[in-house]
Amino acid sequence: MSESLLKLTGVSKHYPKVGQSGARWAAFWGLLTQGRREVGNPVVEALTFAISQRESLAIIGANGAGKSTLLKMISGVLQPSAGKIERSGTMAALLELGAGFDPEYSGLDNLKMNAIMLGLSHRQVNDKLDDILAFADIGEAIHEPIKHYSSGMVVRLGFAVAAAVNPDLLITDEVLAVGDESFQKKCIRWIEGYLDQGGTLLMVSHNMYQVQKLCQKALWLEGGRARAYGDVFEVTQAYLAWHERRDAEALAAGKAHRAHASYQVQSLILPDAESGELTLAMGADLRVAMTVKAVDARAPVVLVGIVRADGTPVYGVSSDYDEVRLNVDNHGLCRLEMVFDQLPLLPGGYALRVHAMDPEGLRVHDTAEVAFTVSGRSREMGLVRLSHRWLP
Amino acid sequence: MSAYWSLFLDLTRRELRGKMSQSGTGWVWLAISPLLMLAVYGFVFGVIFAARVPDGLEVSFIAWLAVALWPWLAFADSVQQAASSMSQHRALLSKVALPRELLALSGQAATFMVHAVSYLLVLLVLQWLGNPLTWSGIGHLLLLLVLLQGFAAGLGLLLATVQVFFRDLKQILPIVMMLWFFLTPILYAPEMLPVELRGSLQLNPMTWWMDEIRAAMFAGKALPSLTLLPILALSAGGLALGLALFKRMAPHFEDFL
């Protein structure tokens, strides 16, 4: 049976309401007399999991999912509202690189202080000083006050101290995202070595590649609750898929027809479509018919574009660039037809988009989109067929 | 336990260095500012007000005042320092898990120490200026200062806890401290008050300290007597109470800071 370094049982966190002084009084009194308080805004709810040695865990999730709050509770900075956190072994938390640094003091002073705060003794600090300095690699700047440091230098120093502490459980909150490329690599190499030697990592990261590389398990938080927990690959893939779907929905929501816009795309059709979505043979002409409405009877600017199904733009052109005269009738309507001759798109799913813009071409007022498919047999790659010839 | 003390000492050292390096010349000002202050008090009370010491003492008013004033400064400043320590170290509290009482205690202790050193310097200067201080009471004085430090630490912890929840305390505390200063026989002797008020003065614990301190430095009181008992009880009890309250509430500070 492997000893768990950390065990959470039903851990919840509710931030108390602290806006008014009355609420603060009540909270003070409740805590003093009963050791508890009224519930507030839930941030983390009923989390139960354990971390065993050599079983690194990544916590992933969208912004505001409660990841940092969870790490704060685990590291002991924050008290859970309910539940139990059991810790065994040494632990060092880097909730923020440079946390605990005093800007007025030199890098060296801060380094020593920070190492002691993370649990090293004076003697250990002195023994490891050269290693820390070598790892941080910021040269003579170590004698300068931290306030003159770049954020990258602070990061180097902070990580170097944590590396020297070499705890059983290392907790990091999105700290590897800072620092330059070479220092990031150095950190990753150090973490890999640390993991090889039996260290355990608990990290919050948005970098799924890093997560998959360094961790065995992942916990996906959503709205403070565990949405998924288990093998790192399964959880991260589910998480990424969820993100793609969400992005697509957000995109769709943004393109909803705006009924009250001053310039509207009233209809957009591909006349060659017999029923449902148009399937166009590769290299065929693409016909487009649209009706645009202008509330103030001024001729709008129409932007027509083609995007791949995932939203990658392929081509776009506006009516004013092409110097097309738009005739607005007395209902404010303007009917337009156009054709893309011998459309050179490669087979795949595409969409045709029309934006109605104001006559000055400054702002998009309305957007319409219609999907179509290009079919054909081709092993060419990319989006479009570029005309080319091989020289003899 | 040793890591705990080592952290306390390091934090205190850092607070001390912070006080030194606030001005460019650091240590020099540590010596000059109490002497300048002594000169100002000497001018105001010795020359302008021409204040007098209680009958039967062969010392100048300024010496009589200074002997009680510096312990008060050490007490009042260090309590206020501790009270604001949590918001002062907010960034640290929210990111690093460490025994939070050390952040309050280190700032408090450092402030107290700076004033204690100034006090010693002031006493030496007073002696040099020809005021007969009874140095045989110095042991008793040091004991009183240690007990005062304990009381200040306890009160500081208590107020640090309260200030996390009620930020208004930051504005209120200096005024309360000023009132407390005038309610304590520092600028005046208890004998100068109307008889019916003298009794109520004894309700103020700082009166106990001031009486004892003056007894040590002017009457050569070298050995503790029964009057030390309430002081001892308040010092130990205050520290225990402050620490207990602080430790009970400290895990929740991050929610309210």
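Residue numbers start from 1 in every chain, and the chains themselves are labelled A, B, ... in the order their sequence lines are given, proteins ahead of strands. Given the structure is predicted, the values throughout are model-derived calculations rather than measurements.
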message = To the nearest 0.5 Å, what is the distance between CG on B:L245 and CG on A:L31?
response = 10.5 Å

key: From CG (A:D102) to CZ (B:R17), nearest 0.5 Å   = 10.0 Å

key: Validation row, ring centre B:F256 to ring centre A:F28 under 6.0 Å   = no

ask   = Quick check: are there more than 12 heavy atoms from other residues, nucleotides or ligands sitting under 6.0 Å from NZ of A:K186?
value = yes

inquiry  = With rounding to the nearest 0.5 angstrom, report the CE to CG distance, A:M113 to B:L7.
reply    = 5.5 Å

remark   = Between the NZ atom in A:K112 and the CG atom in B:D10, the distance rounded to the nearest 0.5 Å is 9.5 Å

Closest contact, heavy atoms only, A:V77 versus B:K95 = CG2-C, 3.8 Å

message = To the closest 0.5 Å, what do you measure between CZ (B:R248) and OG1 (A:T33)?
response = 7.5 Å

key: B:L98 portion near chain A, given a 4.5 angstrom heavy-atom threshold   = side chain

task = Rounded to the nearest 0.5 Å, what's the gap from CD on A:E104 to CZ on B:R14? Could you check?
result = 11.0 Å

inquiry  = Which atoms of B:R167 are under 4.5 Å from chain A, going by heavy atoms: the side chain, the backbone, both sets, or neither?
reply    = side chain

ask   = For B:L93, is it the side chain, the backbone, both or neither that has a heavy atom under 4.5 Å from a heavy atom of chain A?
value = backbone

query = How close do A:S75 and B:A97 get, heavy atom to heavy atom, and via which atoms?
reply = O-CB, 3.0 Å

message = If you count every heavy atom of other residues, nucleotides or ligands that lies below 6.0 Å from A:K147 atom NZ, does the total exceed 12?
response = yes

ask   = Between B:S6 and A:I116, what is the shortest heavy-atom contact and its length?
value = OG-CG2, 4.4 Å

ask   = Side chain, backbone, both or neither: which part of A:S121 has an atom under 4.5 Å from a heavy atom of chain B?
value = neither

task = Would you mind telling me which of B:V96, B:V164, B:D168 has the largest number of heavy-atom pairs within less than 4.5 Å of chain A?
result = B:V96

query = With the threshold set at 4.0 Å, does a side-chain nitrogen-carboxylate oxygen contact exist between A:R24 and B:D255?
reply = no

